[in-house]
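As the structure is a prediction and not an experimental result, all values here were calculated from the model. These numbers come from the heavy atoms of this one structure, side chains and all, not from hydrogens, waters or symmetry mates.
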Amino acid sequence: MAGLLVLCGQQAVADYPQFADDPQLSAGRAVWIGTCEGCHGYGFAGAPMPTDAQAWQPRLDKPIELLYQHALEGFFGPDDTMMPARGGNDALTDAEVKSAVDYMVEFARQHAVPDNE
């Protein structure tokens, strides 16, 4: 399967950042893989992939509380995209959703383009 993902230009799950030294981000990674990756890992329905620096830069500039709100409550984007509340997984707690947001933000920061480039 990993080979198929590589052929499709996607990262294999094993290649997603681990952040083993941060329990919050490690927990967020598990939630992200279980719920968020289905859209954000492949750009499904316009979901920004964390490896897309251009798509993520405006999000990285927003307060984290706003990103939490969008993930918890859902959000309709300017290009007729829709983020379902809790990523469509109503079983997730607020803390789990926030940990997934934290993980995705840190993942995206690894691909962000510095202002001076």
Side-chain angles (χ1 to χ4, degrees):
M1 174 128 159
L4 179 60
L5 291 175
V6 170
L7 289 174
C8 294
Q10 304 301 321
Q11 281 188 298
V13 172
D15 294 338
Y16 293 147
Q18 301 263 348
F19 302 111
D21 59 334
D22 187 323
Q24 173 78 5
L25 293 178
S26 291
R29 180 182 189 270
V31 173
W32 190 82
I33 289 171
T35 298
C36 313
E37 183 211 14
C39 293
H40 286 281
Y42 306 98
F44 181 72
M49 296 172 24
T51 56
D52 183 344
Q54 185 176 1
W56 267 92
Q57 194 56 57
R59 291 162 177 88
L60 295 175
D61 293 339
K62 295 180 190 288
I64 193 70
E65 290 299 325
L66 182 60
L67 299 180
Y68 291 155
Q69 179 183 353
H70 289 172
L72 289 165
E73 299 174 6
F75 177 73
F76 286 93
D79 297 322
D80 294 324
T81 58
M82 194 271 287
M83 164 70 195
R86 298 177 188 280
N89 184 349
D90 291 338
L92 294 176
T93 66
D94 288 4
E96 289 171 324
V97 171
K98 289 178 180 182
S99 72
V101 170
D102 291 341
Y103 175 79
M104 197 171 348
V105 164
E106 287 305 312
F107 189 170
R109 281 189 178 133
Q110 292 185 354
H111 297 278
V113 178
D115 290 338
N116 60 2
E117 286 190 13

Exercise. Mind checking whether Tyr103 and Trp32 have parallel, tilted or perpendicular rings, split at 30° and 60°?
Worked result: tilted
Margin query: Treating Ser26 as the side-chain partner and Pro23 as the backbone partner, does any N or O pair qualify as donor plus acceptor under 3.5 Å?
Written below: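 Side chain of Ser26 to backbone of Pro23, a donor-acceptor pair under 3.5 Å: no, none is there.
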### Query
Is a donor on one side and an acceptor on the other found under 3.5 Å between the side chain of Trp56 and the backbone of Met49?
yes
Please give me the minimum heavy-atom distance between [X] and [Y], naming the atom from each residue.
{"X": "Leu72", "Y": "Ala85", "result": "O-CB, 3.4 Å"}
{"X": "Ala100", "Y": "Cys36", "result": "CB-SG, 4.0 Å"}
{"X": "Arg59", "Y": "Leu67", "result": "O-CD1, 3.6 Å"}
{"X": "Gln54", "Y": "Pro58", "result": "O-CD, 3.4 Å"}
{"X": "Gly87", "Y": "Thr35", "result": "O-CG2, 3.7 Å"}
{"X": "Pro48", "Y": "His40", "result": "O-ND1, 2.8 Å"}

Are [Y] and [X] linked, directly or through intermediate hydrophobic residues, by side-chain heavy-atom contacts shorter than 4.5 Å (ILVMFWY only)?
{"X": "Met104", "Y": "Met83", "answer": "no"}
{"X": "Phe107", "Y": "Leu60", "answer": "yes"}
{"X": "Met82", "Y": "Val101", "answer": "no"}
{"X": "Val97", "Y": "Leu66", "answer": "no"}

Applying salt bridge (charged side-chain N to carboxylate O under 4.0 Å, His left out) to Asp94 and not counting sequence neighbours gives Arg86
Salt bridge (charged side-chain N to carboxylate O under 4.0 Å, His left out) filter on Glu106, not counting sequence neighbours, yields Arg109
Distance col, row Lys98:NZ vs Leu92:CG, nearest 0.5 angstrom, shows 13.5 Å
Does Asp80, at its CG atom, have more than 12 non-hydrogen atoms belonging to other residues, nucleotides or ligands within less than 6.0 Å? no
Under a 4.5 Å cut-off applied to non-hydrogen side-chain atoms, are Ile33 and Arg29 in contact? yes
With Phe75 via ring-ring contact (aromatic ring centres under 6.0 Å, His included) - residues at least two apart: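 So Phe75 forms a ring-ring contact (aromatic ring centres under 6.0 Å, His included) with His70.
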